[in-house]
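Contents: one structure, followed by commentary.
Predicted model, so just to flag it, every value in this text is computed and none were measured.
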Amino acid sequence: MTTESRRVLVVDDEPQIRRFLRISLTSQGFLVSEASTGREGLAQVRESLPDLVLLDLGLPDMDGQEVLDALRTESSVPVIVVSVRGQESEKVRALDRGANDYVTKPFGIRELLARIRALMRHPLHASLAGASSRFVRGEVVIDLATREVFKDAIPVHLTPKEYAVLARLCRHAGRVVTQTQLLREVWGPVHAEDTHYLRIVVSKLRHKLGDDPQKPYLLQTEAGIGYRLLVEPMS
């Protein structure tokens, strides 16, 4: 997929950061617009309908978390938070409120571009019916339509909880899904803090699917936050 028609909105109050991102993204074929305040950013989302938003949290008129709340009431546009706030609590808060990813300043532009491309590649803001239901990574194939999982062309037996976690990660392939979100959706709200349930299931998934936690190619852990599925969707 080419990026020429892809529009990225940068919401950041630092002119140097906006300039750096504009030059870097434009060189990769993106169309870039800018906003220096939260209110300006929200207005531009309504008017220009960007394909992705890079959102700073430390804005002069309103906190970026508030911008994210307002954004999610009216739009499902993918959002990557780009902030100096590196605390796990801030990351979890942003992801739980609807951010698709979180990058801490200072950041490497190659990493940011990779995350942007991942979000552009996966239609995360589309309905599941309109998105791919088949995912593959190496010798692992996950078919959400048939609820089948294969490793080296051999069916893999998963428990209901294991499949439920894997399916939810597939539906958000390429983005971080928080522990709280997974626990609420798979085990129910009363188990939202029972992270050991999730750790056990992820460990079993890695074992069954041949994924090395030290060098993951399928299930990536975001320490203290959640998990990211690295599979590529196939049509």
Side-chain angles (χ1 to χ4, degrees), residues 1 72 76 78-80 88 91-102 114-115 117-235:
M1 181 183 296
R72 282 295 173 251
S76 57
V79 176
I80 298 179
E88 288 182 3
K91 294 180 181 180
V92 171
R93 187 180 169 205
L95 292 165
D96 277 341
R97 292 171 104 151
N100 298 84
D101 209 339
Y102 196 113
R115 298 198 183 198
R117 286 192 293 267
L119 283 176
M120 294 292 193
R121 191 179 303 125
H122 304 294
L124 301 175
H125 52 299
S127 65
L128 182 60
S132 173
S133 62
R134 184 177 173 83
F135 298 81
V136 64
R137 183 75 162 186
E139 299 303 319
V140 175
V141 176
I142 304 161
D143 194 322
L144 298 181
T146 62
R147 298 176 63 89
E148 293 178 303
V149 179
F150 299 88
K151 174 75 166 66
D152 297 317
I154 300 172
V156 177
H157 173 72
L158 300 180
T159 67
K161 286 288 192 294
E162 290 165 359
Y163 178 80
V165 169
L166 187 62
R168 279 160 177 77
L169 290 172
C170 272
R171 286 177 168 85
H172 302 287
R175 69 171 279 189
V176 180
V177 184
T178 65
Q179 295 175 356
T180 300
Q181 184 178 346
L182 287 168
L183 286 164
R184 284 175 176 167
E185 292 181 359
V186 177
W187 281 270
V190 297
H191 295 290
E193 304 299 324
D194 295 331
T195 56
H196 60 287
Y197 288 175
L198 188 55
R199 285 197 299 272
I200 291 171
V201 164
V202 170
S203 177
K204 289 182 177 179
L205 281 171
R206 283 178 168 144
H207 176 72
K208 291 182 178 182
L209 299 176
D211 195 25
D212 183 353
Q214 302 304 315
K215 296 180 180 179
Y217 77 100
L218 188 68
L219 295 171
Q220 179 176 304
T221 299
E222 298 288 344
I225 301 171
Y227 300 92
R228 185 198 308 267
L229 196 72
L230 302 174
V231 295
E232 299 288 344
M234 300 292 288
S235 56

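Among the candidates Arg171, His172, Glu185, the single residue satisfying the side chain to side chain contact (heavy atoms under 4.5 Å, CB included) test with Val177 is His172.
Here the side chains of Gln179 and Val92 are not in contact, with every heavy-atom distance at 4.5 Å or above. Counting heavy atoms from C-beta outward, Asn100 and Ile80 have side chains that stay 4.5 Å or more apart. Side-chain atoms of Leu229 and Leu219, non-hydrogen and from C-beta on, do get closer than 4.5 Å to each other. Looking only at side-chain heavy atoms (C-beta outward), Leu209 and Leu166 come within less than 4.5 Å of each other.
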Show me the donor-acceptor pairs, under 3.5 Å and distance only, between side chains in residues 193-205 and residues at least two apart or in other chains.
{"from": "Asp194", "atom 1": "OD2", "to": "His191", "atom 2": "ND1", "distance (Å)": "2.7"}
{"from": "Thr195", "atom 1": "OG1", "to": "Arg199", "atom 2": "NH1", "distance (Å)": "3.2"}

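Summarising the geometry of Gly210 relative to Tyr217, their closest heavy-atom pair is O-CE2, 3.4 Å, with the distance given to 0.1 Å.
Every pair passing salt bridge (Lys or Arg N to Asp or Glu O under 4.0 Å) that includes a residue from residues 214-225 is listed here, sequence neighbours excluded: Glu222-Arg228. The side-chain hydrogen bond (donor to acceptor under 3.5 Å, both in side chains) contacts involving residues 149-158 comprise nothing, where partners must be two or more places apart or lie in separate chains.
Atom CD1 of Ile225 is separated from atom CD of Glu88 by 5.5 Å, given to the nearest 0.5 angstrom. We find the CZ-CG distance between Phe135 and Leu169 to be 10.5 Å, quoted to the nearest 0.5 Å. Here the CG atom belonging to Leu158 is positioned 8.5 Å from the CD1 atom belonging to Ile142, to the nearest 0.5 angstrom.
Distance alone, capped at 3.5 Å, places no donor-acceptor pair between the Arg206 side chain and the Pro213 backbone. Looking only at distances, no side-chain donor or acceptor of Asp101 sits under 3.5 Å from a matching main-chain atom of Val176. Proximity of a side-chain donor or acceptor of Arg134 to a complementary backbone N or O of Ala145 within less than 3.5 Å is not detected. Remark: side-chain polar atoms of Arg168 are not paired, donor with acceptor, to backbone N or O of Leu182 under 3.5 angstrom.
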Side chain to side chain contact (heavy atoms under 4.5 Å, CB included), that's the test. Do Leu144 and Tyr163 meet it? Break it down for me.
CA-CA 10 Å; Leu144 298 181; Tyr163 178 80; 3.7 Å; yes
Would Trp187 and Val165 count as a side chain to side chain contact (heavy atoms under 4.5 Å, CB included) here? Give the steps.
CA-CA 10 Å; Trp187 281 270; Val165 169; 3.9 Å; yes
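With sequence neighbours left out, Arg97 forms a side chain to side chain contact (heavy atoms under 4.5 Å, CB included) with Gln65, Leu68, Asp69, Arg93. Taking Glu139 as the reference, nothing meets the side chain to side chain donor-acceptor pair (under 3.5 Å) condition, with sequence neighbours excluded. Under the side chain to side chain donor-acceptor pair (under 3.5 Å) criterion, Thr178 pairs with Asp96, sequence neighbours left out.
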